[in-house]
Amino acid sequence: MRIGTGYDVHRLAQNRKLILGGVEIPHTHGLQGHSDADVLTHAIMDALLGAAAIGDIGQHFPDTDERFKDISSLSMLKEVAKLIAKEGYQIQNIDTTIIAQAPKLTPYKESMKITLAQALNLPRTAINIKATTEEGLGFTGAKQGIAAQVVCLIKRSNQ
């Protein structure tokens, strides 16, 4: 078994959709980035890639490559799942924390779990989504950005 961690952060920006875990969430601002800037999905990808010791999201999907401009992070996540399987691993579980002062995310957690589980071909019970604020502290507390932290567990397919 192998453990991976992931972290991502993006600045909030006007005239962008807010996408978290592949789900569009109504909000006054979205996240700025080369792709759809889905911090949750990006952190999941980094955790999985790290667990398998096969690099990181920037290596596989560089923001200098126009193929990834405005791409759905779910499509990149599906590619990561293929890389993990090619290395001989199965995803066991993914535990996530989204750090955002606003919007309130509880109404969207189940949709995120379902969307992510479908993209990874996992049961939805293999994914946990938590959300927290920073009580007004730091850049997330000041509503300047949103961050996500992830831990995952993978194991060799033949075990």
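Index from 1, following the sequence. A quick note: this is a predicted structure, and the numbers were derived from the prediction, not measured.
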Note to self: Under the criterion side chain to side chain contact (heavy atoms under 4.5 Å, CB included), I'd like the reasoning laid out for K17 against D36: C-alpha separation, chi angles, the key distance, then a yes or no.
What the structure shows: CA-CA 8 Å; K17 293 179 180 179; D36 64 6; over 6 Å; no

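- Within 6.0 Å of atom NZ in K86, 12 or fewer heavy atoms from other residues, nucleotides or ligands are found, so the atom counts as exposed in its surroundings.
- Summarising the geometry of I114 relative to R124, their closest heavy-atom pair is CG1-CD, 4.0 Å, with the distance given to 0.1 Å.
- Between the CD atom in Q149 and the CG atom in D95 there is a gap of 10.5 Å [rounded to 0.5 Å].
- In this structure the side chain of L49 reaches within 4.5 angstrom of the side chain of V80, judged on heavy atoms.
- The CD atom of E134 sits 3.0 Å away from the OG1 atom of T140 when rounded to the nearest 0.5 Å.
- In this structure a side-chain-to-backbone donor-acceptor pair under 3.5 Å is missing from R2 to A52.
- Heavy-atom minimum distance, T41 versus G21: OG1-CA, 3.7 Å.
- Atom CG of residue L20 and atom CD1 of residue I146 lie 5.0 Å apart, to the nearest 0.5 angstrom.
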Name the atoms and distances for all side-chain donor-acceptor pairs under 3.5 Å in residues 97-104, with sequence neighbours left out.
residue, atom, partner, partner atom, Å
T97, OG1, K130, NZ, 3.4
Q101, OE1, G136, N, 3.1

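- Atoms CD1 and CD1, on I44 and I129 in that order, are 6.5 Å from each other to the nearest 0.5 Å.
- The minimum heavy-atom distance linking A43 with A148 is given by the pair CB-O, 3.7 Å.
- Annotation: side chain of I84 is not in contact with side chain of L120 (no heavy-atom distance under 4.5 Å).
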Throw together a table of side-chain donor-acceptor distances under 3.5 angstrom for residues 3-10, partners on residues two or more places apart or in other chains.
residue, atom, partner, partner atom, Å
D8, OD2, H10, NE2, 3.1
D8, OD2, H42, ND1, 3.0
H10, ND1, Q32, O, 2.7
H10, NE2, H42, ND1, 3.4

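- With rounding to the nearest 0.5 Å, the separation of CD in Q59 from CD1 in I57 is 11.5 Å.
- By the criterion of side-chain heavy atoms lying less than 4.5 angstrom apart, applied directly or through intervening Ile, Leu, Val, Met, Phe, Trp or Tyr residues, L105 is not grouped with F139; the two fall into different hydrophobic clusters.
- Between L74 and A119, the shortest heavy-atom distance links the atoms CD2-CB, 4.1 Å.
- Atom CG of residue N121 and atom NZ of residue K78 lie 10.5 Å apart, to the nearest 0.5 angstrom.
- Linking ILVMFWY side-chain heavy atoms closer than 4.5 Å, directly or via other members, places I25 and I127 in a single hydrophobic cluster.
- Nearest heavy atoms, L18 versus H27: CD2-CB, 3.7 Å.
- Smallest separation of non-hydrogen atoms from I94 and V150: CG2-CG1, 3.7 Å.
- When hydrophobic residues (I, L, V, M, F, W, Y) are linked wherever their side-chain heavy atoms come within less than 4.5 Å, I19 remains an isolated member.
- In this structure, R156 contributes its side chain and E87 its backbone to a donor-acceptor pair below 3.5 Å.
- D46 places no side-chain N or O within donor-acceptor distance of the main-chain N or O of D56, the cut-off being under 3.5 Å.
- Of the possible polar contacts, one joining the R16 side chain to the L31 backbone as a donor-acceptor pair under 3.5 Å is found.
- Residues M76 and M45 have side chains in contact (heavy-atom distance under 4.5 Å, counting atoms from C-beta outward).
- Side-chain contact between L116 and T96: absent, with no pair of heavy atoms (C-beta onward) separated by less than 4.5 Å.
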